Structure formats: structure tokens, C-alpha cells
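Notes follow once the structure below has been shown.
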Protein chains: 2
Amino acid sequence: MARSALSRDEVLDTAAALVREHGPAALTMRRLAAELGTAVTSIYWHVGNRESLLDALVSRTVTDLGTIRPRGTTPTERIVSVARSLRRALRERPHLVAMVHERGLTERMFLPAQRALAHEAHAAGLRGAHAARAVRALQFQVVGYVLVERNRERAPAQSPAEEELWREEAAGSDAELARALAAPIDTEALFVDSVRALVDGLLAGASGDTGDGAVGRGPYSL
Amino acid sequence: MARSALSRDEVLDTAAALVREHGPAALTMRRLAAELGTAVTSIYWHVGNRESLLDALVSRTVTDLGTIRPRGTTPTERIVSVARSLRRALRERPHLVAMVHERGLTERMFLPAQRALAHEAHAAGLRGAHAARAVRALQFQVVGYVLVERNRERAPAQSPAEEELWREEAAGSDAELARALAAPIDTEALFVDSVRALVDGLLAGASGDTGDGAVGRGPYSL
DNA sequence: ACCTGAACACCGTTCAAGT
DNA sequence: ACCTGAACACCGTTCAAGT
């Protein structure tokens, strides 16, 4: 009794809030019902079942990340700006992004950014299959980086720690390298550096060549 | 009655087989007990609870992937070979790798390969913080690539398909690029191309510079 | 069209009791 | 030291019944 009509959107909002604050494991139908002040079974009328409720949350997240605006003057700068803004957006929704990933939709989420990258690849002088290869390499790079980065942050305390492992290794090799690998990572800087290095590598191998549709036939292939 | 003594290893073996064949969701304590022919509660004596059982499986997987042997003559070739063999190993254990990822241990799993990469970076003439940056860029690249790739394979049928999305976009832009992006990806070739491009980009910016420990102070930084 | 409680078939886990 | 069944507190889901 005594509550206004339940709506599908209200269910989704409350569910999203639950996931954002306590993670997807906290999203049980009974808890959600309690949060909404309704019977558990009412939820089923609006969203079907738990699985399609999660699907709806995921597809919301995908559309939320659909707006990408490149900034900067050179193609490299604009590509880097796309990469950075995408990374930021992903990092603001860790749980939801993990759910998108579990459902195999990470790439789908990345489509708008893919278009922006294709535009910049064209502007940088890449054409045809060459340009496609560059777009995909960047796409894999950025999405993969964020996944790995998230992963690192959730990692439990390591034993032995990376630090110790690299202390042993140091003997007979590059001591400064070992020290650098034992130090914590500036992931923002590494991200930008990696994207830049990849862009440079891709653009450097771009001259000549018409691109015949066969991925893997460029200057970097065997 | 009537079965030989249960051992922790037997529990882990059976659990691993269940995960490999039917995925982690199929690993329930009751089903595992049925598979082993024991009471559910016996499992608890050997492995504690479900969570630590999964932890044990994950840590097994991590050690399984600990053997990396670079092949080839040039540093670039050897780095590419490390990347490829790691990719193959990860792809042979999709469910277990996903569990490693969920537990935030992907990077931990990658440590042996990290050592190999450090060796090759040194051989390629990189030193100190520069070398560390290259190692980490490669590490993020390879791990991220495999995560994205797995993700794509699990993705449900897309609607609208990537193909259709790129058909619309084609007007006024690079038609061949659009066609190339609409075509399926040769992920093996793209992987090798990406790694090569990144290696080239990293080595190209490596001359001079002593490396002072500050990640992000190289030629690619702002 | 929307909401409800009761009931079902599952979970993981605990615990006292056996040998 | 190892194994057991009973019991507990949870799940997601179905369904007949209400308004």
C-alpha cells in the first residue's frame, strides 16, 4: 500500500544506484524491492527478470558513453583527446563498465569513439585498409588499457610484491630499470605515452600502399 | 560410502574441469559434491568455502602461465614472440582467465612475461625509466588486447551490426575505410601489427635521454 | 494494467554428531 | 583427521489470486 505507481524507469534508476554504490552482487531482487517499497514480484512485471534488468542497465551505460568530442589541432592530439576522454568516462562507472565487459559489449560501447578515430585517421592521411587497421589498433589499445588499469586497482595486496620481485632481478641487469619497475605507475602518463607511441608507429608506416582490404598486409606484417 | 579418501587436489581438479567445460556459474558446491561422489560438506573441510576454492583455481592458473620462452633474433621479434605465446596461453583457458581478471590478478599472472620483456627492452638499447615505460606499455597492450578480443568473441549478435553502422557512415568519407571497418577482423594479424607498431614507436623515441625515474618524461610526454 | 503473498527449487554455509 | 545429514538463511522465479 501507500506508494505511487511503480515505473520501469524507477526500477532501473534504483537498480543503477544500488550497483553504483555497492556493486552488482548487492543487486538482489529482494533488496531492490525493499529499496523501492514494493513486493518483489512487482519488479518482474516491469523488467521481466534479473537478467534483463541487468541487460537494461548495461544498455543504458552504453548509450551514456555515446558522446565523444575530439579536441586539439593535429590528428595525433585529437586522437589522444578521444582516448583520454573515453578513459575518463569509463573510470567514472567502474561497476557498470565491468558489467558491460562481462556481457561482451565493451566494443559496442566504443563505437562512437571508433567513428571519431576513423575521422582522425583519415585526416592524418591514412586510407582504406591501412586506416581501418590503425583505428582498430587504437581501439583495442584504449579499451584494453582501461580494462587492465581497472584490474590493477582491484587487485589485492600482492605477495610477493612487484617491488620485491624486481629487487632480486636487479643483480647483473639494469639496476635503474629494476628500480623503475618496482616504483608505482603513473597510469595517466603511461596511458598518454602509450597512445602517442602507437599513433607514431602507425603513422610512420603509413606512406605509399593503397590498402587492398587484407588486414595484416601492411609494412608491419611478416 | 564406498569411495577412496577425498583430497584437496582431487577437489581442485574436478572443480577446474567443471569450470573449463561449463563455466564458473556451473561450479556449485552441490554439483561439485555430486561429481565427486561425496557429501557437500566434505568439500568444506578440504577447501574452506567456495570463495577460497575459486581463489585456489585462480592461483593455479597464474602459475600455469608462468613459463615464457622468447624466440627470434632481433629484440622486436623476441618481444613479438613473447606477446604471441602469452596470447595463446590466455586463449586456451578463457573461463579461468576471466576469473583471474575478476579477481584483479591479470597483472600478477603477467609477471614472468614482464621479466622477459624487460630483458628484451634492455637488449634493444633501452635503459632505466625509458625501458620500464616500454615494458609497461607492452604489458598493458598485450593483456588489454586479449581482454578485448575475448570480449568480442562473447559478444551477442550486434544490432545494428558494425557492418550496417559503417555502411551509413561511408557517404562523404573514405568508402574503402568504411568497407574495411565493416569487414571481420583478423585478430591474430591485428595483434601482431599492433605490437610491432608499438615496439617501433617505443624504440624510435628511445635515443639519448638517461631516464631519471619519472615515468612520463620521455619524448612522448607533453 | 498492475500488484500481491505463498510456494518452489535452488543456493552457500554452519554445526553437532559420527567414525 | 575426515566425513555426514539436518538445518538455516538466503537466492530467483512462477503462479493463482486480487484490484
Side-chain angles (χ1 to χ4, degrees), chain A residues 1-61 95-96 98-100 102-104 156, chain B residues 1-60 95-96 98-100 102-104 154 156:
Chain A
M1 55 145 270
R3 59 146 295 156
S4 56
L6 192 61
S7 73
R8 179 183 159 87
D9 272 341
E10 193 186 353
V11 173
L12 292 185
D13 288 343
T14 310
L18 253 160
V19 168
R20 198 177 293 248
E21 286 160 41
H22 305 102
L27 179 57
T28 72
M29 302 303 265
R30 282 172 167 83
R31 174 156 182 188
L32 180 54
E35 211 89 22
L36 287 163
T38 48
V40 197
T41 42
S42 302
I43 299 170
Y44 284 81
W45 198 91
H46 284 100
V47 298
N49 55 20
R50 185 171 188 270
E51 200 56 23
S52 49
L53 168 58
L54 294 180
D55 285 346
L57 290 184
V58 159
S59 109
R60 258 196 181 191
T61 306
H95 290 306
L96 286 166
M99 284 167 56
V100 171
E102 280 157 26
R103 285 177 156 58
Chain B
M1 53 147 275
R3 60 145 295 155
S4 56
L6 192 61
S7 74
R8 181 183 158 87
D9 272 341
E10 193 185 353
V11 173
L12 292 185
D13 288 343
T14 310
L18 252 160
V19 168
R20 199 177 291 248
E21 286 159 40
H22 305 102
L27 179 58
T28 72
M29 302 304 265
R30 281 172 169 84
R31 173 156 183 189
L32 180 54
E35 212 90 23
L36 287 164
T38 48
V40 197
T41 42
S42 303
I43 299 169
Y44 283 82
W45 198 90
H46 284 99
V47 298
N49 55 20
R50 183 172 190 270
E51 200 56 23
S52 49
L53 167 59
L54 294 179
D55 285 345
L57 290 184
V58 159
S59 110
R60 258 195 182 194
H95 290 307
L96 286 166
M99 283 167 56
V100 171
E102 279 157 25
R103 286 177 157 58
R154 284 179 311 158

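Note that the structure is a prediction, hence the values are computed from the model and not measured. Note on naming: letters A, B, ... go to the chains in the order of the sequence lines (proteins, then strands), and numbering restarts at 1 for each one.
Phosphate contact (OP1/OP2 of C:dC3, side-chain N/O of A:T38, threshold under 4.0 Å): absent. Within the 4.0 Å cut-off from OP1 or OP2 of D:dA1, not a single side-chain nitrogen or oxygen of B:H46 is found. Considering only side-chain N and O atoms, A:S42 lies under 4.0 angstrom from the phosphate OP1 or OP2 of C:dT4.
Taking the side chain of B:A39 as heavy atoms from C-beta on, and the options C:dT13, D:dT14, D:dT4, the nearest nucleotide is D:dT4. In this structure, the nucleotide among D:dT13, D:dG12, C:dC3 sitting nearest to the side chain of A:L6 is C:dC3.
Distance CD1 (B:I43) to P (D:dC2): 16 Å, rounded to an integer number of Å. Atom CZ in B:R50 sits roughly 13 Å away from atom C1' in D:dC11 (whole-Å rounding). With rounding to whole Å, B:E51 atom CD is found 14 Å from C:dC11 atom C1'. Rounded to a whole Å, the CZ atom of A:R8 is 17 Å from the P atom of C:dA1. When rounded to the nearest whole Å, the span between CZ of A:R30 and P of D:dC10 equals 10 Å. As a whole-Å value, the separation of B:M29 CE from C:dT13 P is 6 Å. Atom CZ of B:R31 is separated from atom C1' of C:dC10 by 14 Å (rounded to the nearest Å).
The two residues B:P24 and B:R50 make their nearest non-hydrogen contact at O-NH2, 3.3 Å. Contact between B:R20 and B:H95 at its shortest, heavy atoms only, is O-CD2, 3.7 Å. Taking each heavy atom of A:L12 and A:L57 in turn, the nearest pair found is O-CD2, 3.5 Å. Taking each heavy atom of B:R31 and B:A26 in turn, the nearest pair found is CD-O, 3.6 Å.
The base of D:dG12 is not paired with the side chain of A:T28 by any donor and acceptor separated by under 3.5 Å.
Take the nearest nucleotide of DNA chain C for A:T41 and for A:W45: the residue whose nucleotide is more 5' is A:W45.
In the model, B:S52 has no side-chain atom that pairs as donor or acceptor with a side-chain atom of B:D55 under 3.5 Å.
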